[in-house]
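All heavy atoms count here, side chains included; hydrogens, waters and symmetry mates do not. Since this is a predicted model, take the numbers as computed values, not measurements. The residues of the chain are indexed from 1 along the displayed sequence.
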Amino acid sequence: SAKDMKHRLGFLLQKSDSCDYSSSQGKKEKISSSQRVSQEEVRKWADSLENLIHHDRGLAAFRAFLKSEYSEENIEFWVSCEDYKKTKSPAKLSPKARKIYDEFISVQATKEVNLDSCTREKTSHNILEPTLSCFDEAQRKIFTLMEKDSYRRFLKSPYYLDLVSPPGAGCRPENCKRNHTHTLDCNSNIISQCA
């Protein structure tokens, strides 16, 4: 639920020495004080979508934002493609490629991403004899779509603004955007314990 995401994101990105969280792979990791995100790092996320999604906490924040907009399939597809490109065993390429195709690209896909018919057709052809680069074009298109659309909205959202505002800025009107239950409020800045 949105409230769960708010709490999870709050303690993911703020100090917490004892709380566990679920990473994108479902593993449990501890957040130590050395893993906190600096203001400088958070500001770098505004430089490019690449900076944002190549940082674990940035990826978590962006994923939470996309989930609030019901469009998390885009980042899930991108992450799946990144994972796919790290496949070492040639025997695993075909089943992994088929799984990604069925989940994100097929017209019956449960999490279908928005691809043009040409890219969809080319990708369908590519997975017949899968290589590590068979999703590259589709992944690039989805990255560009996120960069031009949802990334820009993310940078104006409380998911980002609450993190980049200086500590102790408080709940001033310009820092607090409570337009829906899916957004974070200023209280997320002080969440430091597991709910």
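- Atom CZ of residue F143 and atom NZ of residue K148 lie 11.5 Å apart, to the nearest 0.5 angstrom.
- For the salt bridge (charged side-chain N to carboxylate O under 4.0 Å, His left out) test, no residue two or more places apart in sequence or in another chain qualifies with E41.
- Summarising the geometry of A97 relative to F135, their closest heavy-atom pair is O-CZ, 3.4 Å, with the distance given to 0.1 Å.
- Atom CG of L115 sits about 9.0 Å away from atom CD of E137, to the nearest 0.5 Å.
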Using side-chain contact (heavy atoms from CB on, under 4.5 Å), reason through I75 and L59 one step at a time and then give a plain yes or no. CA-CA 9 Å; I75 195 65; L59 179 61; 3.5 Å; yes
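- Annotation: side chain of W45 is in contact with side chain of L163 (closest heavy-atom distance under 4.5 Å).
- For the 3.5 Å distance criterion, the side chains of S124 and Y101 qualify, holding a donor opposite an acceptor.
- A salt bridge is absent between R43 and E40: the closest approach of a Lys/Arg side-chain nitrogen to an acidic carboxylate oxygen does not fall below 4.0 angstrom.
- When all heavy atoms of Y159 and A61 are compared, the closest pair comes out as CD2-O, 4.1 Å.
- Every residue was checked against the salt bridge (charged side-chain N to carboxylate O under 4.0 Å, His left out) condition with E121, not counting sequence neighbours, and none meets it.
- Separating the CG atom in L49 from the CZ atom in R152 is a distance of 11.0 Å, to the nearest 0.5 Å.
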Apply side-chain contact (heavy atoms from CB on, under 4.5 Å) to residues K85 and D136 and explain how you reach the verdict. CA-CA 9 Å; K85 289 191 270 192; D136 283 1; 3.7 Å; yes
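- In this structure, D47 has no salt bridge (charged side-chain N to carboxylate O under 4.0 Å, His left out) partners at least two apart in sequence or on a different chain.
- Of the charged side-chain nitrogens involved, at least one lies within less than 4.0 Å of a carboxylate oxygen, so that R120 and E112 count as a salt-bridged pair.
- A donor-acceptor contact shorter than 3.5 Å links the side chain of N51 to the backbone of K44.
- Considering only heavy atoms from C-beta on, P158 stays 4.5 Å or farther from L161 through its side chain.
- Judged by distance alone, the side chains of T123 and N126 never bring a donor and an acceptor atom under 3.5 Å apart.
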Would you tabulate the side-chain donor-acceptor contacts of residues 87-94 under 3.5 Å, counting partners in other chains and residues two or more places apart, or write 'none'?
| unit_1 | atom_1 | unit_2 | atom_2 | d |
| --- | --- | --- | --- | --- |
| T87 | OG1 | Y84 | O | 2.6 |
| T87 | OG1 | K96 | NZ | 3.1 |
| S89 | OG | A91 | N | 3.3 |

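- Contacts of S150 classified as side-chain contact (heavy atoms from CB on, under 4.5 Å), with partners at least two apart in sequence or in another chain: F62, F65, L66, E69, M146, R153.
- Every side-chain contact (heavy atoms from CB on, under 4.5 Å) that E76 has, sequence neighbours left out, goes to E72, F104, K111.
- Ring geometry for W78 versus H54: interplanar angle over 60°, hence perpendicular rather than tilted (30 to 60°).
- Taking OH from Y151 and CD from E50, the interatomic distance works out to 10.5 Å, rounded to the nearest 0.5 Å.
- A distance of 5.0 Å separates CZ in R98 from CG in D102, rounded to the nearest 0.5 Å.
- Between Q108 and S106, the side chains place a donor N or O and an acceptor N or O closer than 3.5 Å (distance only, hydrogens not considered).
- Nearest heavy-atom pair, C134 versus I127, reported as atom, atom and distance to 0.1 Å: SG-CG2, 4.1 Å.
- Atom OG of residue S71 and atom CG of residue D149 lie 8.0 Å apart, to the nearest 0.5 angstrom.
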